[in-house]
K.L.:
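Quick one: this structure, given as structure tokens, is what I'll be asking you about.
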Amino acid sequence: MSVEELVSQIKSNASLAQEFENATDSGTIADFLKSKGCSATEEEFTSYIADHS
């Protein structure tokens with residue numbers, strides 16, 4: 001799954017958004033990305049979010 005696809009899903013799914021928030025709070029974004037099948041690194045993902053928010 002691409003970063004764009006995952007961000008879109010996070011924005012449209014409240015439970016996924018909560019899961020992402022929990023991963024952010026606990027510092028486990030990389031594990032969250034892996035569990036969702038996203039091949040981006042944590043740095044790539046956070047950079048994408050910063051550029052598109």
Side-chain angles (χ1 to χ4, degrees):
M1 175 180 309
S2 71
V3 173
E4 295 87 357
E5 291 170 320
L6 184 54
V7 169
S8 177
Q9 287 185 11
I10 290 169
K11 288 180 178 180
S12 65
N13 182 316
S15 64
L16 189 59
Q18 183 62 51
E19 193 177 338
F20 173 66
E21 185 176 327
N22 292 343
T24 301
D25 292 344
S26 65
T28 58
I29 293 174
D31 293 334
F32 171 81
L33 295 173
K34 281 184 201 172
S35 75
K36 302 305 172 201
C38 183
S39 60
T41 65
E42 181 175 345
E43 293 79 17
E44 291 168 336
F45 188 80
T46 55
S47 176
Y48 177 87
I49 298 243
D51 291 345
H52 294 88
S53 59

K.L.:
Between Gln9 and Lys36, is any pair of side-chain heavy atoms under 4.5 Å apart?
P.N.:
no
K.L.:
Can you name the closest pair of heavy atoms from Asn13 and Leu16 and give their distance?
P.N.:
OD1-N, 2.9 Å
K.L.:
Among residues two or more places apart or on two chains, list those pairs meeting ring-ring contact (aromatic ring centres under 6.0 Å, His included) that have a residue in residues 23-43.
P.N.:
Phe20-Phe32
K.L.:
So, taking the atom named CD in Glu21 and the one named OG in Ser26, what distance separates them when rounded to the nearest 0.5 Å?
P.N.:
10.5 Å
K.L.:
Check Leu6 against Cys38 and note the closest heavy-atom contact, atom names and distance.
P.N.:
CD2-CB, 3.9 Å
K.L.:
What's the spacing between Thr24 OG1 and Glu19 CD if we round to 0.5 Å?
P.N.:
11.0 Å
K.L.:
State the CG-OG1 distance between Asp51 and Thr46, to the nearest 0.5 angstrom.
P.N.:
9.5 Å
K.L.:
Rounded to the nearest 0.5 Å, how far apart are NZ of Lys34 and OG of Ser39?
P.N.:
12.0 Å
K.L.:
Please find the pair of heavy atoms, one from Ile10 and one from Ala17, that lie closest to each other, and give the distance.
P.N.:
O-CB, 3.5 Å
K.L.:
Name all residues meeting the side chain to side chain contact (heavy atoms under 4.5 Å, CB included) criterion together with Lys11; count only those two or more places apart in sequence or in a different chain, and write none if there are none.
P.N.:
Val7
K.L.:
Could you list the residues that satisfy side-chain hydrogen bond (donor to acceptor under 3.5 Å, both in side chains) with Ser12, not counting sequence neighbours?
P.N.:
none
